[in-house]
Amino acid sequence: MTWTRRPPAALALCVLLLAGSAGCGSGDAREGGASPTPVGEVLESRDQEGRPYREVGPEGAPDVGIEVQPGAAGGWDVRLTLRNFRFSPAGAAARAVAGRGLVRLFVDGRPVARLRAPAHRLDTRLVPRGTHRVTARLYADDGTVWAVDGEPVESTADITASEPGPGVTPDASSRRKARTQGADTGGRGSPGRALGAS
């Protein structure tokens, strides 16, 4: 069997043709190097950290639901239900892309985690004895808050960690007596939801 130079030359020609066609204009870019059409409208409204809301229409808008349950190994298991939303990988460009970004998790209004997956373990120390509000809010990769009708796209669950009894560790007591229920906070993900269990 002998080798000829034709296959490598043909392969090189194919690579050049593919590279040339990839460099031709695409529907996302305009002449002169302008960026794609912006997604939604940035509003004056801001979250508690000063991040502006990015308003999108209700049709096809991203949505989030949250469920928080006591974890089998301690802490709290957070599960998100997402619609019309995908997590961006770490290191994604800092620009808004429709239906993409990350979720920020808040406990009693305090930011505690940035999520790029629908499941998270919330440490017990972040949820001391008492009732707390756990909120999941959707953000675009440029740091803006996804919003519909002027309200952030978010969902909130109320959880209660009870006081340990004699001879019971705090984690075991929290797992045994915790309650999780959905709460309507006015955000897009909240109305009409009753997530969790008693």
Side-chain angles (χ1 to χ4, degrees), residues 21-68 76-120 122 126 132-159 180-196:
S21 66
C24 295
S26 72
D28 290 340
R30 295 183 190 158
E31 282 186 45
S35 63
T37 305
V39 177
E41 175 188 352
V42 177
L43 305 177
E44 294 293 323
S45 301
R46 295 178 179 270
D47 71 0
Q48 66 268 28
E49 296 178 313
R51 297 170 186 269
Y53 289 3
R54 180 174 295 276
E55 178 80 21
V56 292
E59 189 174 326
D63 197 13
V64 62
I66 186 171
E67 182 178 359
V68 184
W76 297 84
D77 292 333
V78 177
R79 300 265 185 253
L80 303 177
T81 305
L82 300 162
R83 193 175 58 199
N84 300 323
F85 185 82
R86 293 181 297 141
F87 288 103
S88 297
R95 66 183 178 100
V97 175
R100 279 188 41 188
L102 58 91
V103 174
R104 296 190 72 200
L105 200 62
F106 298 84
V107 174
D108 298 330
R110 255 184 10 253
V112 295
R114 292 176 186 215
L115 308 182
R116 293 190 184 276
H120 179 72
L122 192 59
L126 297 172
H132 304 276
R133 299 186 76 114
V134 181
T135 302
R137 184 177 300 145
L138 302 184
Y139 286 79
D141 290 317
D142 66 351
T144 55
V145 181
W146 289 114
V148 175
D149 297 328
E151 296 293 331
V153 178
E154 65 183 24
S155 186
T156 297
D158 288 341
I159 60 174
T180 305
Q181 57 192 12
D184 181 357
T185 62
R188 177 168 169 74
S190 310
R193 292 186 189 242
L195 297 173

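Bear in mind that the values here come from a model prediction, so they are computed numbers and not experimental data.
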Steps toward side chain to side chain contact (heavy atoms under 4.5 Å, CB included) verdict (Phe87, Leu82): CA-CA 10 Å; Phe87 288 103; Leu82 300 162; 3.2 Å; yes

Side chain to side chain contact (heavy atoms under 4.5 Å, CB included) evaluation trace for Thr135 with Ile66: CA-CA 8 Å; Thr135 302; Ile66 186 171; over 6 Å; no

Side chain to side chain contact (heavy atoms under 4.5 Å, CB included) assessment of Val56 paired with Trp146: CA-CA 7 Å; Val56 292; Trp146 289 114; 3.6 Å; yes

Test log, rule side chain to side chain contact (heavy atoms under 4.5 Å, CB included), inputs Thr156 and Phe106: CA-CA 9 Å; Thr156 297; Phe106 298 84; over 6 Å; no

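The local environment of CD in Glu44 is sparse, with at most 12 non-hydrogen atoms from other residues, nucleotides or ligands closer than 6.0 Å. Within a 6.0 Å radius of CZ in Arg46, other residues, nucleotides and ligands contribute more than 12 heavy atoms.
Taking every heavy atom of both residues into account, Tyr53 and Asp47 meet most closely at CE1-N, 3.6 Å. Between Ala136 and Val103, the closest heavy-atom pair is CB-CG1, 3.8 Å. When all heavy atoms of Arg54 and Val39 are compared, the closest pair comes out as NH1-O, 2.7 Å.
In this structure a side-chain-to-backbone donor-acceptor pair under 3.5 Å is missing from Glu55 to Gly40. Looking at Arg79, its side chain never comes within 3.5 Å of a backbone N or O of Pro118 through a donor-acceptor pair.
Atoms CG and NE2, from Asp108 and His132 in turn, are 6.0 Å apart once rounded to the nearest 0.5 Å. Expressed to the nearest 0.5 Å, how far OG1 of Thr144 lies from CD of Glu41 amounts to 12.0 Å.
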